[in-house]
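I have placed the structure first, in the form of structure tokens, so that the comments after it can refer back to it.
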Amino acid sequence: MSLPRVTTKAPPNVDPVKASPAYGICALPKINREINHEDLHTRQKALNLLSDMLHSPNNIVEAIRVGIVKSLKLVIKDTDDHVRVKSTENMSILSGHAKGREALLAINVIEPLSSLFEDKVYQVRYSVHSVLETLTCSGEGAMYAIDCGLIPRFVERLEFEENSVKELILGSLHNCMTRDTVDALGCSAMTTLVSLLKHESPKIRGKAARGIMALTFPLKGKECAVSENAIPDLVELLDDSSHVVRANACGALMSITITTQGKKETLKWGVIPKLVPLICDPTPEVQLNAIKALTTLSEHPSGRESLSDTVDKLTDISARSSDEYIRRAAEVAVKTITWKP
Amino acid sequence: MAAVATSGPSRGAETYTFSSQPRSTAAGSQTKKLAALPSDSNLKQQGYGNIMYDRRVIRGNTYALHTLPAGAQPDVVELQKQEELRRRSAAKRRARDQARAASPEAISGRKHMDIQTELYLEELTDRVEDADNFTQTDAFLDRPPTPLFVPAKTGRDVETQIGEGDLFDFELESRPIIEVLVGKTVEQALLEVLEEEELSALREQQRQFEQKRHAELVETQRLEEQDRRRTHEKEKRMQQQREALLMEKETAKKIAARAFAKSYLTDLVPSVFDALTAHGYFYDHVEREIVEDFIPWLMGEVKQDLTNSINARRMLDDLIMDALGYKKPVEVVSLIADDKSEVTQEIPAVLPAEVKVELPEEIQPEKKATEEQKEDVK
């Protein structure tokens, strides 16, 4: 027997973890109000809803307009774990868009975020580092992070973090080091990066090698790499199964071998027999970096001597490769090897 | 009413009928006993009990019908025959047991044992092999199921008519809601996937760009380094060349200076020698020593010697004068003063009285020599 349910009560809350959005243009202002609400459950629900809504670019623009970014900046210091997790997650969604990055940089969010590096909740740290990684992609973001003195803190955190966070930190560190390497060289980033070259995860190995490459572009970095014994580990990585690792190891070596001292050290570890097969690698990056590394090595008399029989291969590549950069690099390499004083 | 069992020739064709008047049952135990052995007399006394135990009621298949005649009595002759048979077989068994010879008694210290004498040994056990089987009928097999309790209806019935399509059709009604739900979810998922793809595409592009930038950067640095090395080399060589030139020039200068000095000195030495010789810088050492040292020394010694001898003579003169008692000192003095006036003046002071005291012993041998000398001087 069915009875029609007639009640004066409001319909039950279907989803207790998520707030229901207000209709139309009222949605985001309401969320903004609720984020700053003193009731913890209201805040959590609003943040949950926001993390779903922010995936749409339209909502991002609107959210920035109503000042949700500022509210998020306040709320990342909340004592509740879930609020911190969700607010940093929202920031990482925002940072995926150019507008969001602009807004985040405009309110100087990097400094408060850096205070969460030692947070006990893993997701908070993960989101914080993913925000920083995307923010430092742009030049001004990287400069701002350097001004806040984040490089030494990144290097310090690299020793303790979990692998997924380590990847993000290495990305941020690389972004910062492409702008300025003085800080990084000052806080012995090279030692940490060299120790990460032996990590079991290929992603981390690749990113560590990429960091070393960025760090060795200035002259001082090259000297530091030689003195920190980075070369044997990098030479070992040339046989790695991951092409990213190989490419970055080649890149780091090509940068280190520019100095005479670097060339001597590298040749000592028998790098040429390992580099020569890489110039026919299927990945163009590896190919390009290997050719460049051979070019720099061939400036050394003994390197030139041992490379004299790869000239045919290189001329072949310069004639047949589809990539313009590789063609040019191979031509330069041939020219350097066949150079007579 | 009494039970009527059909009997006689019409028995096979007709079915049994039974009827009895309802009545109260007698006490349980007695009834059972009686019912177990029904007889006409019993029936007549007790009436009729349970027909399940009625001998006259046929149970089972009627084809193998074995009925007892209504007034059946056990055959006495037959019973006696059976009794006789039983007794005979018992006697036969007893006789057989006795006929069997027993084994003699075992000698002392030994004991009879049962052993098997058959061809094949087999295990002997006390227990008889058996297997248990049992069966159990279902409890209350015959009890019909309890009917569902339906409470008695109360109140008034009301009904409403529902036409075709009036009721909620779940399949139909839930479709739009589910479509919206699925659509929203898929849309959200699509947004997230697109976002991630966009990000990864951006990263990839950035990575490729950086890759090329790095390659170019390295190329530039390499060329810079090459340039620096070559410039360094060039400068070093130039420096070397310059140094060589400088040294060459210096050497030439040195040679010229040497030649000049040589030519200059060729004239200089004789002229200087001449000048020096003229100025008296070159002299004979022996000659100079003789002149400077030896001669004055010699002169001094000679003078000394002479002075001594003069003194001696004067003293001699004095002695002689004294001896003669004749004083003529002036002569002697003037005589000596010709040579050296200062010596003569000192003599009186130099020769005091002591000389005078000593003289008397020695003076004699010298006297003659002094006189001779005096003569020489004169």
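Just so you know, these numbers use all the heavy atoms, side chains as well, and skip hydrogens, waters and symmetry mates.
Between A:R328 and B:E219 there is no salt bridge, since no side-chain N of the basic residue sits under 4.0 Å from a carboxylate O of the acidic one. Salt bridge A:E133/B:R203: present, at least one basic N to carboxylate O contact under 4.0 Å.
Taking a 6.0 Å sphere around CZ of B:F168, one finds it holds more than 12 heavy atoms contributed by other residues, nucleotides or ligands. Surrounding CD of B:E204 are more than 12 heavy atoms belonging to other residues, nucleotides or ligands, all under 6.0 Å away. In the displayed structure, B:E173 atom CD is contacted under 6.0 Å by more than 12 heavy atoms of other residues, nucleotides or ligands.
The shortest heavy-atom contact between A:P57 and B:L191 is CD-CD2, 4.2 Å.
Using a 4.5 Å cut-off between heavy atoms, B:Q208 makes no contact with chain A at all. With a 4.5 Å cut-off on non-hydrogen atoms, A:I258 touches chain B through its backbone and its side chain both. Looking at A:L54, only its backbone comes within 4.5 Å of chain B, counting heavy atoms on both sides. Heavy-atom distances place both the backbone and the side chain of A:T295 under 4.5 Å from chain B. Contact of A:Y325 with chain B is made through the side chain alone, with heavy-atom distances under 4.5 Å.
A distance of 6.0 Å separates CD in B:E216 from NZ in A:K292, rounded to the nearest 0.5 Å. With rounding to the nearest 0.5 angstrom, the CD atom of B:E192 is 3.5 Å from the NE2 atom of A:H55. The OG atom of A:S95 sits 7.5 Å away from atom CG of B:L199, with the distance rounded to the nearest 0.5 Å.
Most heavy-atom pairs under 4.5 Å with chain B, from the set A:S255, A:A293, A:G96: that is A:G96. Ranking B:R213, B:R228, B:R230 against chain A, the residue ahead of the rest is B:R230, based on heavy-atom pairs under 4.5 Å. Annotation: maximal heavy-atom pairing with chain B below 4.5 Å, among A:E285, A:M213, A:R210, occurs at A:E285.
Inspection of non-hydrogen atoms places B:Q221, B:R222, B:E225, B:Q226 of residues 220-227 of chain B under 4.5 Å from chain A.
Between A:I93 and B:E195, some side-chain heavy-atom pair lies under the 4.5 Å cut-off.
Between A:F217 and B:H214, the ring-plane angle classifies as tilted under the 30° and 60° cut-offs.
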